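Below you'll find the structure, written out as structure tokens, and then a few comments.
In what follows, every heavy atom counts, from backbone to side chain, and hydrogens, waters and symmetry copies are set aside. Because the structure is a prediction, the values reported are computed rather than measured.
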Amino acid sequence: MTRRFDVLVIGGGNAALCAAISARRAGASVLVLEGAPKFYRGGNTRHTRNMRCAHDAATEILTGPYTEEEFWKDLLLVTGGQTDEELARFMIHESKDILNWIVEQGVRWQPSLGGTLSLGRTNSFFLGGGRAMLNALYRTAEELGVDILYDAEVIDLTVEDGMFLSAQLKQPVGGKTEVRASTLVAAAGGFEANIEWLKESWGDAADNFLIRGTPYNRGAILKMLLAKGVQEIGDPTQCHAVAIDARAPKFDGGIITRHDSVVFGIVVNKHAERFYDEGEDIWPKRYAIWGRLVAAQPDQIAYIIFDSTVVTSFMPTLFPPIAGATIAELAGKLELDAAALEKTITEFNAAVQPGTFDHTILDDCATQGITPPKTHWARRIETPPYLAYPVRPGITFTYLGTRVNREARILMKDGKPSANMFAAGEIMAGNVLGKGYAAGIGMTIGSVFGRVAGREAAKNARN
């Protein structure tokens, strides 16, 4: 640790590794500090499976073109306009090159998964999932000569007038030490695993949240940077939040706890009442709103209800559905009021109109005369056994973060760019994601801005 590095990268996921590789390929000496043990390295990247990138034509693993303008319109739709258009369009344009660049770093693609994901044209899937992707990036970084430390907890940053000077490091073996570097790339994720911080905005409801990803993303680096005069961006209550199985562990349940069955049934709260349109849009554009929807329900609990005709229509999860031969029996197992659930389903069934079901498009199967409506994929729930999944809000990552420019350079509170600090990944995702989400964009943000941050940090160190 007596050595001075050109680039210090704090974090160990996709964004951090893309930054480290990019900086090293630009000739910089690079040290990566991963706060987790080696087995748990990689933050939330371990639980990912695909990335959304613009492309002009079909490829071996993508079924058709996905233009920059279509990508922009999709992002505009899910964020409701709450995005920095300059940065978002820059990211989308850069994503076209990422498809090939990431392969050059050892990552391999596979054909997309089917079912309700509907991503065969827009998203590229990692062969072997997120952990295989991470392993490839780590292997490439090590072969290039990037230094990596695990169990490396950063406990303080020395920043003067917007310039990073050093980081104070604490390790299980070796204790405290100081790390000096010419530039800093912050890629340490959000604060979703910090329940107390979540409660500052969400109140006691946050006690019922489940954290889909790593327990190591507690926001320590973000909090340090904001305290050192970095400009923040984003709403602390906005996040990537999906409905995950209520039986999942508190942390690190990963992608297998997510439910993709919403469009095939109805969702009710603890009072057996529906509260949102389950068929509003194609699932990859809406799955990430359901965490916030459930968070707004009493006791932050809800139940996806469907029947036996659709059990093979969506990807199964680790936990089997709860079954009942009758609606009343199912209600009993869910501890719901049987009469209330029977009334909700009877009214829903009566409102379903004739149509041609097709989950790959916005079909004409809708309800009429009930609130909330189900505008697509509405079919009667009438074939036993009746099935249900209990779900809670599953928080993946938070959107409050550091403001950056197109160079991934951190901006200070006075609006001026930092002299030598950059950010990539979830810690700056709020620049692009003011709210909402579309499948695979988190990995796009990490890869694009990680690559840019590493390249610019190396250039900064040389100067």
Side-chain angles (χ1 to χ4, degrees), residues 1 3-24 28-38 40-45 134 137-138 141 146-159 162-171 174 176-194 213-230 397-398 401-402 404 408-410 418-429 445-446 449-458 460-461:
M1 291 298 101
R3 176 184 175 190
R4 182 185 179 88
F5 289 86
D6 293 327
V7 178
L8 175 66
V9 179
I10 301 178
N14 168 52
L17 269 293
C18 287
I21 290 169
S22 178
R24 185 70 188 123
S29 59
V30 182
L31 173 64
V32 172
L33 299 180
E34 163 61 285
K38 186 174 182 179
Y40 291 106
R41 70 184 183 185
N44 289 335
T45 304
L134 268 175
L137 294 179
Y138 270 99
V146 172
D147 288 280
I148 301 168
L149 287 181
Y150 299 103
D151 276 317
E153 180 187 1
V154 175
I155 57 174
D156 198 12
L157 298 172
T158 302
V159 178
M163 175 175 280
F164 166 77
L165 300 176
S166 65
Q168 284 65 55
L169 175 65
K170 178 183 176 183
Q171 290 185 283
K176 298 179 181 179
T177 188
E178 185 178 57
V179 180
R180 293 176 300 123
S182 299
T183 56
L184 169 71
V185 176
F191 64 92
E192 65 277 357
N194 189 332
T214 176
Y216 296 94
N217 279 10
R218 297 185 51 80
I221 302 303
L222 173 60
K223 186 161 283 191
M224 289 176 206
L225 288 171
L226 297 181
K228 304 290 183 180
V230 167
F397 66 93
T398 46
T402 62
V404 300
R409 191 184 292 266
I410 288 174
S418 163
N420 63 347
M421 295 191 294
F422 302 81
E426 293 172 2
I427 201 170
M428 49 68 62
I445 294 171
F449 285 100
R451 183 188 182 192
V452 171
R455 180 179 69 219
E456 296 298 324
N460 183 281

Side chains of [X] and [Y], heavy atoms from C-beta outward: is any pair under 4.5 Å?
X	Y	result
Lys223	Phe191	no
Met421	Val230	yes
Leu169	Glu178	no
Gln168	Leu157	no

What distance separates [X] [atom1] from [Y] [atom2], expressed to the nearest 0.5 Å?
X	Y	atom1	atom2	result
Ser22	Leu17	OG	CG	12.0 Å
Leu222	Thr398	CG	OG1	7.0 Å
Thr214	Tyr40	OG1	OH	9.5 Å
Asp6	Arg24	CG	CZ	9.0 Å

Taking all atoms of both residues into account, what is the closest heavy-atom pair of [X] and [Y], and its distance?
X	Y	answer
Ala188	Ile221	CB-CG1, 3.7 Å
Pro215	Arg218	O-CG, 3.6 Å
Ala187	Ile427	CA-CG2, 4.4 Å
Asn420	Ser182	ND2-O, 2.8 Å
Ala429	Phe397	CB-CE1, 3.9 Å
Asn217	Gly189	ND2-CA, 3.8 Å

By ring pair (Phe, Tyr, Trp, His ring centres under 6.0 Å) - contacts of Tyr216 (at least two apart): none
Check side chain to side chain contact (heavy atoms under 4.5 Å, CB included) between Ala453 and all other residues, then give those that pass, not counting sequence neighbours. Val185, Ala408, Phe422, Ala424
Testing Val159, Thr158, Ile410 for side chain to side chain contact (heavy atoms under 4.5 Å, CB included) with Lys228, which one passes? Val159
Can you give each donor-acceptor pair under 3.5 Å made by side-chain atoms of residues 30-38, sequence neighbours left out, with the distance rounded to 0.1 Å?
residue	atom	partner	partner atom	Å
Glu34	OE1	Ala36	N	3.0
Glu34	OE2	Gly42	N	2.8

Holding to salt bridge (Lys or Arg N to Asp or Glu O under 4.0 Å), I want the full list of residues that pass it with Arg451, two or more places apart in sequence or in another chain. Asp97
Could you go through Glu426 and Ile445, starting from their C-alpha distance and side-chain angles, then the distance that decides it, and tell me whether this counts as side chain to side chain contact (heavy atoms under 4.5 Å, CB included)? CA-CA 8 Å; Glu426 293 172 2; Ile445 294 171; over 6 Å; no
Arg455 side chain to Gly450 main-chain N or O, any donor-acceptor pair under 3.5 Å? no
Residues 147-154 side chain polar contacts: donor-acceptor under 3.5 Å, at least two apart:
residue	atom	partner	partner atom	Å
Asp147	OD2	Arg3	NH1	3.3
Tyr150	OH	Arg41	NH1	2.7

Please tell me whether Asn460 and Thr183 have a donor and an acceptor in their side chains that are separated by less than 3.5 angstrom. no
Side chains of residues 7-14: which donor-acceptor partners sit under 3.5 Å, not counting sequence neighbours?
residue	atom	partner	partner atom	Å
Asn14	OD1	Ser447	OG	3.3
Asn14	ND2	Met443	O	3.3
Asn14	ND2	Ser447	OG	3.1

